[in-house]
Chemist: 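Pasting in a structure now, in structure tokens, and then I'll have a few things to ask.
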Amino acid sequence: MKKRFKTNAKCGGCVAKIGEQLNKMAEPEEWSIDLASPEKLLTIDPDEPSEAVVRAVSEAGFKAEPLDRGAACPMLSAVCPFGSAAVTD
């Protein structure tokens, strides 16, 4: 199942730096970053945990935020069934 992440990549150089880390966990054809999307969307195929992808992007000097259902919920520090956005009372 593909996982999607919002990143702060801005150019091909950013993608190359992120790629150096992602290529350690996935084949180059298993991931992509769409710089034309407002979210600078990273899509990756392998079954790596979202935390591992975020860590790899962070090690490259960038940020990644999970966008998919069941992604880690930063407000709850747990898995959120509604995706990465949580509403609390």
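This is a predicted model, so every value here is computed, not measured.
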Chemist: Which residue pairs pass the side-chain hydrogen bond (donor to acceptor under 3.5 Å, both in side chains) test when at least one of the two sits in residues 4-15, sequence neighbours left out?
Modeler: R4-D68
Chemist: Closest approach of L22 and A56, non-hydrogen atoms and distance?
Modeler: CD2-CB, 4.2 Å
Chemist: Just how far is it from atom SG of C11 to atom NZ of K40, taken to the nearest 0.5 Å?
Modeler: 10.5 Å
Chemist: Could you pull out every donor-acceptor pair under 3.5 Å between side chains of residues 25-34 and any protein atom, sequence neighbours left out?
Modeler:
residue: E30; atom: OE1; partner: E27; partner atom: N; Å: 2.8
residue: W31; atom: NE1; partner: N23; partner atom: OD1; Å: 2.8
residue: D34; atom: OD1; partner: A36; partner atom: N; Å: 3.0
residue: D34; atom: OD1; partner: S37; partner atom: N; Å: 3.4

Chemist: Listed by chain and number, what are the side chain to side chain contact (heavy atoms under 4.5 Å, CB included) partners of K17, not counting sequence neighbours?
Modeler: E20, F62
Chemist: Suppose we screen for side chain to side chain contact (heavy atoms under 4.5 Å, CB included). Which residues come up paired with K2, at least two apart in sequence or across chains?
Modeler: T43, D45
Chemist: Please say yes or no: joined through hydrophobic side-chain contacts below 4.5 Å, possibly via intermediate residues, are L67 and L35 part of one cluster?
Modeler: no
Chemist: Hey, are the side chains of K3 and P66 touching, using non-hydrogen atoms and a 4.5 Å cut-off?
Modeler: no
Chemist: Set out, in order, the CA-CA distance, both residues' side-chain angles and the distance that settles side-chain contact (heavy atoms from CB on, under 4.5 Å) for V57 and F5, then state yes or no.
Modeler: CA-CA 10 Å; V57 173; F5 299 82; over 6 Å; no
